[in-house]
Novice: 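I'd like to ask you about the structure that follows.
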Protein chains: 2
Amino acid sequence: MNKKVPTKAAGRPRSFDAGKALDRAVEVFWRKGYEGASLSDLTKAMGINRPSLYAAFGDKDKLFRKVLDRYAEGPASYSSAALEEPTSRSVVERLLYGTADLLTSPGNPHGCLLVQGALACGNAADSARKELVSRRMAGEAALRQRLNQARMDGDLPPEANPASLARYIVTLIQGMSVQAAGGTTRSELYRVIGIAMQSWPSSGRIV
Amino acid sequence: MNKKVPTKAAGRPRSFDAGKALDRAVEVFWRKGYEGASLSDLTKAMGINRPSLYAAFGDKDKLFRKVLDRYAEGPASYSSAALEEPTSRSVVERLLYGTADLLTSPGNPHGCLLVQGALACGNAADSARKELVSRRMAGEAALRQRLNQARMDGDLPPEANPASLARYIVTLIQGMSVQAAGGTTRSELYRVIGIAMQSWPSSGRIV
DNA sequence: TAGGTTTTGTACCGATGAGTATTAAACTAT
DNA sequence: ATAGTTTAATACTCATCGGTACAAAACCTA
């Protein structure tokens, strides 16, 4: 009954915006990776003290998961949205160009959090690394399913291999992330995409 | 004059094989990255004590450079060798398949040291990160030059863009490295290469 | 055998890592 | 006002980080 307005919970009120703080954490993990982001880096960027971080977000690992969720719903939201494009070609193009834009957007670290977060690391970060592997695989699976449906719809030729095509696109995306981390510009990535899309079915050849 | 045989330098002889120890260090950095590889990891794998490591290889950063050199001359030597193939197409195919093989070779970490070494990291590893960016760029430049020459030789059509083609191939290679780190198998990578090569000039379309 | 030189092993250094105990402060409810 | 509850800030914990001092050991030359 009294649920909509949360009745102003008791106790000292939180003096910071948890959402804003989480956004700052996203940026730190994005630029430095799980292992390279120290709690001092995080608390400094978030503008809060260490115990506040632990009270609000749990330990470093839990904070990282929340950061990944936030990333998926924020900067990387184009990714799931792209799957709703009408044709397989437009799905893939929106995915590729959207990625290129995100990877080179000024004000953000140049790279993809799911790749930069942890590729190779020490034991302490291994849980985070596995989480990233799992999320990358989930993204690939979603694209594969979308391409599978496209083939059933006749939007891709019957000889096309949705699994391999999805992997091809994801491989490009992850490669672009490494490229962007090394300073490759947006227009350079666009040219790579232009070449890559020549392999796409229905523009001529198939797989 | 007396230079060929080094006259058995004075002092207590080194009790380990520096080359073998370096190979172990390659493996550790390859699997854990610069930041994730602690000196304890390294000395343990190399079978030597900490002061021996510093005496023989310098500090962690210097050791890492030596590891990168060793990697280039050893596991990644196919890379420079590929540039000597007769046609641009065989250059690129040898590069791609050689990479897929290295990335999925049993007994080695699955991934490329130049990518796994450090993508995003804390301040302490930033020098290593920059070194890797520079080495990746050097590899791309070498391929670009080779493709440039191919175009001048008529081995690539005059409308081809060697810079973009080189970047496309390198992007694929780096993407495959991320894929391999996530468990993608060799045959799956082969299928990606098969799709990717459909974009290559002289098999039909151009750029 | 004695002196000089280099490596080895142990034990340490200060700095920083993640995580927490504790008390003061700021709020609500009675 | 007073009690109960939650957050805030300081200051700490212990483990590990990269790097090194020091003395014993193992070699060469003389």
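Values below: every heavy atom of this structure, side chains too, minus hydrogens, waters and symmetry copies. Per chain, numbering begins at 1; letters A, B, ... match sequence-line order.
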Novice: Would you list the pairs meeting ring-ring contact (aromatic ring centres under 6.0 Å, His included) in which at least one residue belongs to residues 78-128 of chain A, sequence neighbours left out?
Specialist: A:Tyr97-A:Tyr190
Novice: Taking all atoms of both residues into account, what is the closest heavy-atom pair of B:Gly33 and A:Ala120, and its distance?
Specialist: N-CB, 3.8 Å
Novice: Return each pair, listed once, that meets ring-ring contact (aromatic ring centres under 6.0 Å, His included) where at least one residue sits in residues 129-152 of chain A; pairs must be two or more places apart or across chains.
Specialist: none
Novice: Please report the shortest heavy-atom distance between A:Val91 and A:Ala82, naming the atom on each side.
Specialist: CG2-O, 3.4 Å
Novice: Could you pull out all residues at least two apart from B:Asp41 that satisfy salt bridge (Lys or Arg N to Asp or Glu O under 4.0 Å)?
Specialist: B:Lys32
Novice: Could you list the residues that satisfy side chain to side chain donor-acceptor pair (under 3.5 Å) with B:Arg70, not counting sequence neighbours?
Specialist: B:Asp23
Novice: Looking at DNA chain C, which of residues 14-26 of chain A put a heavy atom within less than 4.0 Å of it?
Specialist: none
Novice: Which residue pairs pass the salt bridge (Lys or Arg N to Asp or Glu O under 4.0 Å) test with at least one member in residues 103-113 of chain A, sequence neighbours excluded?
Specialist: none
Novice: Can you confirm whether A:Met137 is buried at CE, in the sense that more than 12 heavy atoms of other residues, nucleotides or ligands lie under 6.0 Å from that atom?
Specialist: no
Novice: To the nearest Å, give me how far apart NZ (A:Lys62) and C1' (C:dA18) are.
Specialist: 13 Å
Novice: Determine the minimum heavy-atom distance between B:Arg151 and B:Ala160, stating which atoms define it.
Specialist: NH1-O, 3.3 Å
Novice: Over its full length, what angle do the end axes of the helix from C:dT1-D:dA30 to C:dT30-D:dA1 make, each axis taken from five pairs and the result rounded to 10 degrees?
Specialist: 0°
Novice: Taking atom P of C:dA18 as reference, at what distance in whole Å does atom CG of A:Leu63 sit?
Specialist: 11 Å
Novice: Run the side chain to side chain donor-acceptor pair (under 3.5 Å) test against B:Gln179 and tell me which residues pass, sequence neighbours left out.
Specialist: A:Glu140, A:Gln174, B:Thr184
Novice: Within this structure, what is the CZ-to-P distance between B:Phe57 and C:dT8, rounded to whole angstrom?
Specialist: 11 Å
Novice: Going by side chain to side chain donor-acceptor pair (under 3.5 Å), name the residues that satisfy it together with B:Arg31, two or more places apart in sequence or in a different chain.
Specialist: B:Glu27
Novice: Restricting to side chain to side chain donor-acceptor pair (under 3.5 Å), what partner residues turn up for B:Asn108, sequence neighbours left out?
Specialist: B:Ser105
Novice: How would nucleotides 17-25 of chain D be written as a contact map, 5' to 3', with B for base contact, S for sugar-phosphate-only contact and - for no contact, using protein heavy atoms under 4.0 Å?
Specialist: SBBBB---B
Novice: Expected output is a numbered-order residue list: members of residues 114-131 of chain A with a heavy atom under 4.0 Å from any atom of DNA chain C. What is it?
Specialist: none
Novice: Out of C:dT8, D:dC27, D:dA8, which has the shortest distance to the side chain of B:Asn49?
Specialist: C:dT8
Novice: Counting only side-chain nitrogens and oxygens, does B:Ser52 get under 4.0 Å of the OP1 or OP2 atom of C:dT8?
Specialist: yes
Novice: Let me know the distance between CG of A:Leu53 and P of D:dA9, rounded to the nearest Å.
Specialist: 13 Å
Novice: Indicate yes or no: at least one non-hydrogen side-chain atom of B:Leu165 is less than 4.5 angstrom from one of B:Leu143.
Specialist: no
